[in-house]
Participant: 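Please see the structure below; I have some questions.
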There are 2 protein chains.
Amino acid sequence: MIKNDIALAIEKKTDFNRAKAMSIVEAVLESLKTALTGREKVEIRGFGSFKVVAKKTGFGRDIRRQKQIRIEKGQRIKFRPGQELKTLLSKPKSA
Amino acid sequence: MIKNDIALAIEKKTDFNRAKAMSIVEAVLESLKTALTGREKVEIRGFGSFKVVAKKTGFGRDIRRQKQIRIEKGQRIKFRPGQELKTLLSKPKSA
DNA sequence: ACTTCGATGATCAAGAACGATATCGCCTTG
DNA sequence: CAAGGCGATATCGTTCTTGATCATCGAAGT
């Protein structure tokens with residue numbers, strides 16, 4: 001699924017045209033981006049939650065030279081599915 | 001940030017009332033849920049991607065009794081932030 | 001539809017997360 | 001506003017994941 005597919009879904013659920021649906025989808029995504037950029041935790045009941053956590057992993061691998069390389073620490077986004085989503089995933093795909 | 005906050009953002013970006021904005025947000029989330037439930041990969045450029053992967057972890061811990069417990073295998077959702085989001089997170093919070 | 005630019009995949013090592021359950025906080029709803 | 005239900009947390013072991021880089025596929029835009 002890509003952004004366009006989501007816009008299509010909105011288009012069906014509302015009376016907007018594709019362009020408008022798309023802009024709405026982007027607005028939602030941008031809201032999430034803004035929140036996460038501010039390192040704010042995003043919690044959506046029934047769907048899941050995004051949390052920004054400091055990452056401590058400090059090593060990586062350079063494939064060309066096959067040697068370890070130092071990696072700067074940074075931020076990571078942790079996504080945890082909510083109960084509903086977990087339940088849905090527990091079912092055999094074609095539920 | 002919670003669902004209501006996202007609806008607020010939509011409310012500002014459009015001319016909808018809170019209720020309509022909320023229903024739209026839910027429509028977006030439901031689209032994502034549907035896709036993920038079907039084990040479909042969701043890829044949104046600039047934001048991130050969700051991928052459903054089979055988890056093999058098979059052991060856990062019961063806190064009360066402090067003993068190992070068997071854990072059924074299942075599905076996990078992996079979220080990977082896109083380049084834009086990663087870039088934003090690299091900046092010192094109050095960019 | 002085509003072009004462009006981004007995302008994925010692979011690798012190796014080390015660090016991190018997940019897993020269940022009980023409790024508390026807090027989001028959600030009437 | 002109050003009540004209800006869901007989500008987060010902690011524990012400890014095991015497994016997985018990240019991390020960068022290059023090529024390729026695919027998403028997004030024209």
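As the structure is a prediction and not an experimental result, all values here were calculated from the model. Just so you know, these numbers use all the heavy atoms, side chains as well, and skip hydrogens, waters and symmetry mates. We name chains A, B, ... by the order of the sequence lines, and we start the count at 1 in each one.
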Participant: Using whole Å, what does the distance between atom C1' of nucleotide C/dC27 and atom CE of B/Met1 come to?
Facilitator: 14 Å
Participant: Once you round it to whole Å, what is the distance between P of C/dT28 and CD1 of B/Ile6?
Facilitator: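 Computing the B/Ile6:CD1 to C/dT28:P distance gives 9 Å.
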Participant: So A/Arg80, base contact, sugar-phosphate only, or nothing? Heavy-atom distance under 4.0 Å.
Facilitator: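 Contact class for A/Arg80: base.
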Participant: For A/Phe50 and B/Phe79, take the angle between the two ring planes, folded into 0 to 90°, and tell me which bin it lands in: parallel under 30, tilted 30 to 60, perpendicular over 60.
Facilitator: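 Ring orientation of A/Phe50 relative to B/Phe79: perpendicular.
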Participant: Can you measure B/Glu40 atom CD to D/dG26 atom C1' for me and round it to whole angstrom units?
Facilitator: 14 Å
Participant: More 5' along DNA chain D: A/Gly48 or A/Ile2, using each one's nearest nucleotide?
Facilitator: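 Residue closer to the 5' terminus by nearest nucleotide: A/Gly48.
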Participant: Roughly how far, to the nearest 0.5 Å, is the CG atom of A/Leu8 from the CE atom of A/Met22?
Facilitator: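 Rounded to the nearest 0.5 Å, the CE-CG separation comes out at 8.0 Å.
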Participant: Specify the separation, in whole Å, of atom CD of A/Gln83 and atom C1' of D/dA8.
Facilitator: 13 Å
Participant: Nearest-nucleotide wise, let me know which of B/Met22 and A/Val53 is further upstream toward the 5' end of DNA chain C.
Facilitator: A/Val53
Participant: Would you tell me if any nitrogen or oxygen in the side chain of B/Lys55 comes within less than 4.0 Å of OP1 or OP2 on C/dG19?
Facilitator: yes
Participant: Look at A/Glu26 together with A/Lys3 and state whether they make a salt bridge at an N to O cut-off of under 4.0 Å.
Facilitator: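 A salt bridge is present here (some side-chain N lies under 4.0 Å from a carboxylate O).
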Participant: Which nucleotide, C/dG6, C/dC18, C/dG9, lies nearest any side-chain atom of B/Arg76?
Facilitator: C/dC18
Participant: Given D/dA8, D/dC6, C/dA16, identify the nucleotide with an atom nearest to the side chain of A/Glu43.
Facilitator: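 Comparing D/dA8, D/dC6, C/dA16 against the side chain of A/Glu43, the answer is D/dA8.
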Participant: Nearest 0.5 angstrom please: A/Lys86 NZ to B/Arg76 CZ, how far?
Facilitator: 12.0 Å
Participant: Is any side-chain heavy atom of A/Asp5 less than 4.5 Å from a side-chain heavy atom of B/Val42?
Facilitator: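 No - every pair of side-chain heavy atoms lies 4.5 Å or more apart.
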Participant: To the nearest angstrom, how far is A/Lys51 atom NZ from C/dA16 atom P?
Facilitator: 14 Å
Participant: Which is more 5' along DNA chain D, the nucleotide nearest A/Lys3 or the one nearest A/Pro81? Just name the residue.
Facilitator: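 The answer here is A/Pro81.
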Participant: Starting from P on C/dA7, measure out to NZ on B/Lys86 and report it in whole angstrom.
Facilitator: 7 Å
Participant: Round to the nearest Å and state the distance from A/Phe79 atom CZ to D/dT18 atom P.
Facilitator: 14 Å
Participant: Go nucleotide by nucleotide along DNA chain C from the 5' end; which of A/Arg45 and B/Lys41 gets its closest nucleotide reached first?
Facilitator: B/Lys41
Participant: Rounded to the nearest Å, what distance is computed from the CD1 atom of residue B/Ile77 to the C1' atom of nucleotide D/dG7?
Facilitator: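 Spelled out: CD1 on B/Ile77 to C1' on D/dG7 is 15 Å.
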